[in-house]
Amino acid sequence: MATQLLNVSALSAGTEDKPILHGIDLTVGEGECHVLMGPNGAGKSTLGHVIMGDPAYRVTSGSIAFAGQDVTELSADKRSLAGIFLSYQAPVEVPGVPLYSFLRSICQMRPELKTTARKFRERVGAIADQLELDQSFLMRELNVGFSGGEKKKIEMLQLLLLQPKLAILDETDSGLDVDALGIVSRGIQAYREQVGGALIVITHNTRILERLEVDRTHVMVRGRMVAEGPASLIADIDKNGFERFERAGEKDDAACAECPGCPMAGDAE
């Protein structure tokens with residue numbers, strides 16, 4: 001059994017005026033690959049952002065432990081330095097910041113990744129070639145004017161360069177054509193083989209999972225974790241959809257709404 005790396009316990013969170021996650025439990029072991037699925041609006045991306053420490057969300061109860069440390073109150077930058085990585089569904093553009101300088105600055109903040117300028121340049125170049133990314137992109141402003149596929153390749157470059165202990169990939173396959181999807185899939189596979197880190201893959205597209213050995217599959221509906229199972233659950237969902245899980249989620253909401261003072265009371269109808 002893998003050593004526990006991430007432990008999300010009874011986690012509830014949301015924005016200032018809207019609860020989104022309700023009592024989430026999730027445990028990921030070192031080197032494991034977990035897949036998080038569910039219909040649109042289930043809270044999957046929110047969970048990834050809360051684990052990463054996105055200040056747009058507020059934890060109202062529960063805890064997040066990573067590598068034996070309670071990180072519930074840590075800022076996103078500290079969680080990143082601890083070894084958590086989040087690949088965004090829609091990577092933002094950062095005008096005025098060259099991609100190469102951005103990558104170099106991040107690595108200088110990580111003692112285990114510090115190296116000479118020459119070795120760093122060689123390493124970044126090698127990863128770019130592996131991802132079929134023109135090295136001229138390294139001199140451009142971060143994500144500015146990049147296509148969707150190019151932005152996702154840049155995130156794969158960061159993943160392989162930073163070697164996090166846990167990578168949360170939020171709809172990394174979204175909007176990719178067949179060729180770009182294949183390159184991104186190879187990047188994820190390379191991370192598994194070369195780094196051996198753990199993965200939480202948030203996706204609707206099972207094709208990106210074809211080359212991955214999945215340990216556990218989780219299903220979220222309306223901010224709740226309603227099912228968990230082996231990799232075979234993915235094929236079942238691919239064939240039958242989320243309808244039965246949505247029915248289970250509706251029952252959970254109805255039961256919760258009966259509790260005195262429950263914040264879900266206004267949501268269950």
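- Not one N or O on the side chain of T217 forms a donor-acceptor pair closer than 3.5 Å with the backbone of L233.
- T60 is not listed as a side-chain neighbour of L11, based on a closest heavy-atom distance of 4.5 Å or more.
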Which donor-acceptor pairs under 3.5 Å do side chains of residues 137-146 form with protein atoms, sequence neighbours excluded?
from: R140; atom 1: NH2; to: V144; atom 2: O; distance (Å): 3.4
from: E141; atom 1: OE2; to: G96; atom 2: N; distance (Å): 2.6
from: N143; atom 1: ND2; to: V92; atom 2: O; distance (Å): 2.8

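- Across every non-hydrogen atom of A198 and G31, the tightest pair is CB-N, 3.8 Å.
- Two residues are said to be in side-chain contact when any heavy atoms from C-beta on lie closer than 4.5 Å; L36 and M225 meet this criterion.
- Atoms CZ and CG, from R192 and L159 in turn, are 11.0 Å apart once rounded to the nearest 0.5 Å.
- Heavy atoms only, all atoms of each residue included: G62 and V59 are closest at O-CG1, 4.2 Å.
- The shortest non-hydrogen separation linking G53 to A76 is O-CB, 3.8 Å.
- Residues V94 and F85 share a hydrophobic cluster, clusters being chains of Ile/Leu/Val/Met/Phe/Trp/Tyr side chains in contact below 4.5 Å.
- Salt bridge status for E16 with R58: present, with a side-chain N to carboxylate O gap under 4.0 Å.
- A salt bridge is defined here as a Lys NZ or Arg NE, NH1 or NH2 lying under 4.0 Å from an Asp or Glu carboxylate O, and E32 with R216 fails to meet this definition.
- Between the side chains of S9 and N7, no donor-acceptor pair is found at a separation under 3.5 Å.
- Counting only heavy atoms from C-beta outward, the side chains of L161 and C107 approach each other to under 4.5 Å.
- Shown are I106, V195, L157; of these, the side-chain contact (heavy atoms from CB on, under 4.5 Å) with L162 is made only by I106.
- Residues T27 and V8 have side chains not in contact (no heavy-atom distance under 4.5 Å, counting atoms from C-beta outward).
- The CE atom of M52 sits 14.0 Å away from atom OH of Y57, with the distance rounded to the nearest 0.5 Å.
- Residues V201 and C33 come closest through the heavy atom pair CG2-SG, 4.4 Å.
- Taking 4.0 Å as the cut-off between side-chain N and carboxylate O, K151 and E93 count as a salt-bridged pair.
- Note: L169 CG to K152 NZ = 10.0 Å, rounded to the nearest 0.5 Å.
- S105 and Q108 share no donor-acceptor pair across their side chains, judged by distance under 3.5 Å alone.
- When side chains are defined from C-beta on, E228 does not count as touching V219, because their heavy atoms never get closer than 4.5 Å.
- Atoms CZ and OG1, from R110 and T115 in turn, are 14.0 Å apart once rounded to the nearest 0.5 Å.
- Neither side chain, D170 nor S87, offers a donor N or O lying under 3.5 Å from an acceptor on the other.
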Worked check of side-chain contact (heavy atoms from CB on, under 4.5 Å) between L26 and I200 = CA-CA 11 Å; L26 175 65; I200 297 177; 4.1 Å; yes

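- Residue K165 holds its NZ atom at 7.5 Å from CG of L5, rounded to the nearest 0.5 Å.
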When you look at Q130 and Q194, which way does the side-chain contact (heavy atoms from CB on, under 4.5 Å) test go after all the steps?
-> CA-CA 13 Å; Q130 181 180 355; Q194 298 170 17; 3.4 Å; yes

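- Annotation: side chain of V226 is not in contact with side chain of M220 (no heavy-atom distance under 4.5 Å).
- Connection of I154 to L113 is established within a shared hydrophobic cluster, with ILVMFWY side chains joined at heavy-atom distances below 4.5 Å, either directly or through further cluster members.
- H218 and H34 have parallel rings, their planes meeting at less than 30° on a 0 to 90° scale where 60° marks the start of perpendicular.
- Look at E132 and R186 and you find a salt bridge, because one of the NZ, NE, NH1 or NH2 atoms lies within 4.0 Å of a carboxylate O, short of that distance.
- Side-chain contact between V124 and I127: absent, with no pair of heavy atoms (C-beta onward) separated by less than 4.5 Å.
- At a threshold of 4.5 Å between side-chain heavy atoms, the hydrophobic network of Ile, Leu, Val, Met, Phe, Trp and Tyr places L86 and L81 in two separate groups.
- Residue A180 comes nearest to G149 through the heavy atom pair CB-CA, 4.4 Å, listed as atom of the first residue, atom of the second, then distance.
- Under the 3.5 Å distance criterion, the side-chain polar atoms of R79 are matched with a main-chain donor or acceptor of I51.
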Would Y100 and F120 count as a ring-ring contact (aromatic ring centres under 6.0 Å, His included) if you check the C-alpha gap in whole Å, the side-chain angles of each, and the deciding distance to 0.1 Å?
-> CA-CA 10 Å; Y100 187 87; F120 178 79; 5.4 Å; yes

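- When the side chains of ILVMFWY residues are joined at heavy-atom separations under 4.5 Å, either directly or via intervening members, I208 and V214 end up in a single hydrophobic cluster.
- Shown here for P39 and V221, the closest heavy-atom pair between the two residues is CD-CG2, 4.0 Å.
- At distances below 3.5 Å, at least one donor-acceptor pair connects side-chain atoms of K44 with backbone N or O atoms of G38.
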Assess whether side-chain contact (heavy atoms from CB on, under 4.5 Å) is satisfied between L181 and V178, documenting all intermediate values.
-> CA-CA 5 Å; L181 181 60; V178 174; 5.8 Å; no

Is there a side-chain contact (heavy atoms from CB on, under 4.5 Å) between D70 and I64 once you walk through the steps?
-> CA-CA 6 Å; D70 188 333; I64 303 170; 5.6 Å; no

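- Cluster membership for I183 and L99, using ILVMFWY side-chain heavy atoms within less than 4.5 angstrom, is shared.
- Counting only heavy atoms from C-beta outward, the side chains of D54 and V50 never approach each other to under 4.5 Å.
- To the nearest 0.5 angstrom, L131 atom CG is 12.0 Å from E155 atom CD.
- Residue E112 qualifies as enclosed at atom CD: its count of foreign heavy atoms under 6.0 Å is above 12.
- Side-chain atoms of Y191 come within 3.5 Å of backbone N or O of P164 as a donor-acceptor pair.
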